[in-house]
Every structure is written in C-alpha cells, then in structure tokens.
Amino acid sequence: MSKVKVTILFSTYNGEKTLPTMLDALCASTLPKEVWKIVAVDNNSSDNTAAVLNSYKERLPLEVYFEPKQGKQHALTLGFRHLEGELVILTDDDVIPAPDWIEQFLALADEQPQFAIFGGLITPEWEEKPAPWLMKYGHLGILYALNDDLPEGPISAALISGPNSAFRRSILGPGYIVHDGLGPDATVAQFPMGEDTAFALRLEKNGARAFHSRHPRVRHIVRQGYLDEGWVLRRGERYGMGLVIVRPDLFESKTKIAGLPVGSALRWLLMAPASVAVKRFPLSGVRFRLLWAQSVRQGILRQFLKQRSATNKTIYSQVGTK
C-alpha cells in the first residue's frame, strides 16, 4: 500500500534554466521522501529539460512523463493520471520552495478541514532589480503571481495563484479541466492566460472553498526579460484575452456590435493615437498606465474576434454538411 500523502504536479516547457534551482530546493525538503512524490510533465521541450529532470531521479521521488501535444492543459491532464495521496500541490517550474513547504500544506489541510483549495505565499526572486515605475505601477499579481499583500484567511478561488496552490484530491474529478485554448501554449505567440484561475473557480462553483495561508512559501523566479516593458505589455494583452474566458460575466451585459463589446472597442479606438504618441516619451508611471490599459483592451477585443471567427467557422461547417 502506498505511503504517499502528497503529489507535487507541474508541467515544464524548455525549463532547463530554472529547473535545477527548483529541484535543488525540493531536495532540501524536511518531509520524509517516502510520503510525497513529484510528477513532472515535459511538454515537448526542445532544450535539455528532459536531461535535467532525469538527473534528479536518484535524489527525489520524481516521476517524469512526456506530453507531445503543446499546451499546459494537455500536460497537466497527463499528469492527473499519476496522482497519489490526499493532497495535490500544483506549481510551476520556476519556483524555489521553502524546506517546510510540503509540510506546511499538509498542516494547513489538517487545520482547515472545511476548505479544499489552498493558496500559499509567493514572493519574488528577481534576477535583476525591477525599475521603480514597474514596482510602483505594475500589477505584480497579474504579472508575476506575487501575493504578498493577500491576507491570511478564506478567499475567493479567483485569488488562487498557480505557482503555489494545493487541492484535496477528493474534489479534483477526472482531470485538469479548463476552457480549451486557455493557458501557456508554445505554438502561439499570444494566448489567453488564466488557466489556474479557471481551474480553481470551477472547483469553487462545485462547492469547494478556498483558504490562503502565508506559511507554505515559495519564491517565484522572475527572469530578467520579464521586466522589459514590451514583455509586460504583452502580458497585459494575454490578461485581457483571458478575462473574456475566465470572467464572461464581466461582458454579458455589455452592448455588442458584430460580437464586439462597444465600450471596449470605442475606448481602444479613441486611445490608439495617444498610445502611439506616448511611446515616444521616457518610461514613467503615466506612460505605463496608459499603455497597460490599452494592452488589456486589445486583448479583450482580440479574444472576442477570435471567438467570433470560431463561431463563424462552425456555422459555415454546419451549413456545408446539410
């Protein structure tokens, strides 16, 4: 009979640079290795990810699987077939867990029996010091999943962050079920983000309650390139795309023409000239806030256009088969 109490599950795509730091931290875990295991899914990496993972098999209770179909959702769906224990910790390949990380989640689950979804503290591990404008005006939770400002206690599942979350296995169901096309996918330049939120919200809708604690701690590695304004604004567009899928209630009452929310479209059109002009100015809070808002609007419109195109294709396909 298996002694495993906890499965740590994550997917990785070209994670060779951060995986050694993450896995070294897990090697320092204070919990006996016979009561937990790691399920790592290589999502068709093209670098040395597979070699890095395999090199830790003798030091960690690590199982490595390969998912050729690109997309985090598909990788975690494969991982769900190999879960053991009462608790599942979902995380990413770029975190540095504290030595007592797993123990703290187990203790939290015991202390809060009425809750089934758990979130832990996420602080930054900056590769480079961020610019003042980014620290002051950037949405650090959206950008880097940081949650140092989140108080301990019951929370909405919408505030659960993927790099540091745990779930009672009894509530999970058959797989990592989220909206198709949501989440990281190396085959597309811009994808709608929010798959972790969508997953937690689905479980909450089914009756599970969420609780946040500051005791299960990880540091999230923030790569140097993720501090660049261009990357940040592309993240804003992904966030806008994801809002359309994860929070459709925000748009249900909005007036739409040709499938597009009129308010978002008009604001985007009105601000387009200003956005072009402000890019000539030095980096500043005013510049960033204007460009961020425009990027989010662009993402919202992009996703609505994408969905309209998919609907039209379905209609044409149905007409063609009659």
Side-chain angles (χ1 to χ4, degrees), residues 4-31 33 36-43 45 49 52-53 56 60-65 67 72-73 75-80 82-106 108-109 117-125 141 144-148 150 157 159-169 172 176 178 183-184 193-200 203 210-223:
V4 173
K5 296 181 180 180
V6 186
T7 297
I8 299 166
L9 171 62
F10 70 92
S11 69
T12 179
Y13 171 74
N14 288 354
E16 66 172 354
K17 291 186 178 179
T18 58
L19 275 171
T21 303
M22 177 205 188
L23 297 174
D24 283 341
L26 285 169
C27 287
S29 173
T30 54
L31 192 67
K33 291 182 173 58
W36 58 281
K37 76 172 191 177
I38 307 166
V39 172
V41 184
D42 178 359
N43 193 197
S45 297
T49 288
V52 171
L53 288 171
Y56 280 83
L60 288 169
L62 173 62
E63 299 174 9
V64 179
Y65 301 95
E67 173 51 62
K72 180 178 178 179
Q73 177 182 353
L76 293 187
T77 296
L78 170 59
F80 261 65
H82 304 281
L83 302 180
E84 292 183 64
E86 300 173 3
L87 202 65
V88 177
I89 298 175
L90 292 182
T91 188
D92 290 335
D93 63 359
D94 55 359
V95 300
I96 307 173
D100 64 349
W101 180 53
I102 311 170
E103 285 182 272
Q104 290 291 349
F105 265 130
L106 281 171
L108 180 60
I117 304 171
F118 305 100
L121 178 65
I122 305 172
T123 56
E125 181 73 11
Y144 312 118
L146 307 183
N147 61 8
D148 188 43
L150 191 61
L159 298 175
I160 292 294
S161 296
N164 195 13
S165 58
F167 304 82
R168 295 191 193 276
R169 192 172 159 211
L172 293 183
Y176 186 78
V178 297
M193 60 181 273
E195 76 290 343
D196 300 316
T197 302
F199 178 69
L203 297 174
F211 190 95
H212 175 73
S213 171
R214 298 175 67 85
H215 296 293
R217 296 166 293 129
V218 302
R219 304 197 311 275
H220 195 192
I221 300 171
V222 181
R223 306 283 294 276

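A quick note: this is a predicted structure, and the numbers were derived from the prediction, not measured.
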Check ion pair K72-D92 (N to O, under 4.0 angstrom) = yes
Check whether any side-chain heavy atom of F167 sits under 4.5 Å from a side-chain heavy atom of L87, and report yes or no.
-> no
What is the minimum heavy-atom distance between E195 and P184, and which atoms define it?
-> OE1-CD, 3.4 Å
Residues which pass side-chain contact (heavy atoms from CB on, under 4.5 Å) with T197, listed by chain and number, not counting sequence neighbours = A158, L201, V246
Output for pair (T7 OG1, K37 NZ), nearest 0.5 Å, gives 5.0 Å
Output yes when a side-chain donor or acceptor of W36 lies under 3.5 Å from a complementary backbone atom of L31, and no otherwise.
-> yes
State whether a side-chain donor-acceptor pair under 3.5 Å links Y65 with E67.
-> no
Is a side-chain N or O of H212 found less than 3.5 angstrom from the main chain of F118, in a donor-acceptor match?
-> no
Indicate yes or no: at least one non-hydrogen side-chain atom of V95 is less than 4.5 angstrom from one of I221.
-> no
How about Y176 and F199: are their ring centres within less than 6.0 Å of each other?
-> yes
Examine the side chains of S45 and D42 and answer whether a donor and an acceptor come within less than 3.5 Å of each other.
-> yes
Say whether, by atom type as modelled, one donor and one acceptor occur between the side chain of R169 and the main chain of G85 under 3.5 angstrom.
-> yes
What residues, two or more places apart in sequence or in another chain, satisfy side-chain hydrogen bond (donor to acceptor under 3.5 Å, both in side chains) together with E103?
-> T30
Side chains of L19 and T49: closer than 4.5 Å at any heavy-atom pair?
-> yes
Residue pair I160 / G119: nearest heavy atoms and the distance that separates them | CD1-N, 3.7 Å
Charged N-O contact under 4.0 Å between K17 and D94 | no
More than 12 foreign heavy atoms under 6.0 Å from NZ of K33: is that the case here?
-> yes
So OG1 of T21 and CG of L26: to nearest 0.5 Å the spacing works out to 11.0 Å
Please name all residues satisfying side-chain hydrogen bond (donor to acceptor under 3.5 Å, both in side chains) with T123, sequence neighbours left out, ordered by chain then number.
-> none
Considering residues at least two apart in sequence or located in another chain, which fulfil the ring-ring contact (aromatic ring centres under 6.0 Å, His included) criterion with Y56?
-> none
Please list, chain by chain and in numerical order, all residues satisfying side-chain hydrogen bond (donor to acceptor under 3.5 Å, both in side chains) with E86, sequence neighbours excluded.
-> none
For D100, which residues count as a side-chain hydrogen bond (donor to acceptor under 3.5 Å, both in side chains) partner, sequence neighbours excluded?
-> Q104, R217
Between A28 and P99, what is the shortest heavy-atom contact and its length?
-> O-CB, 3.7 Å
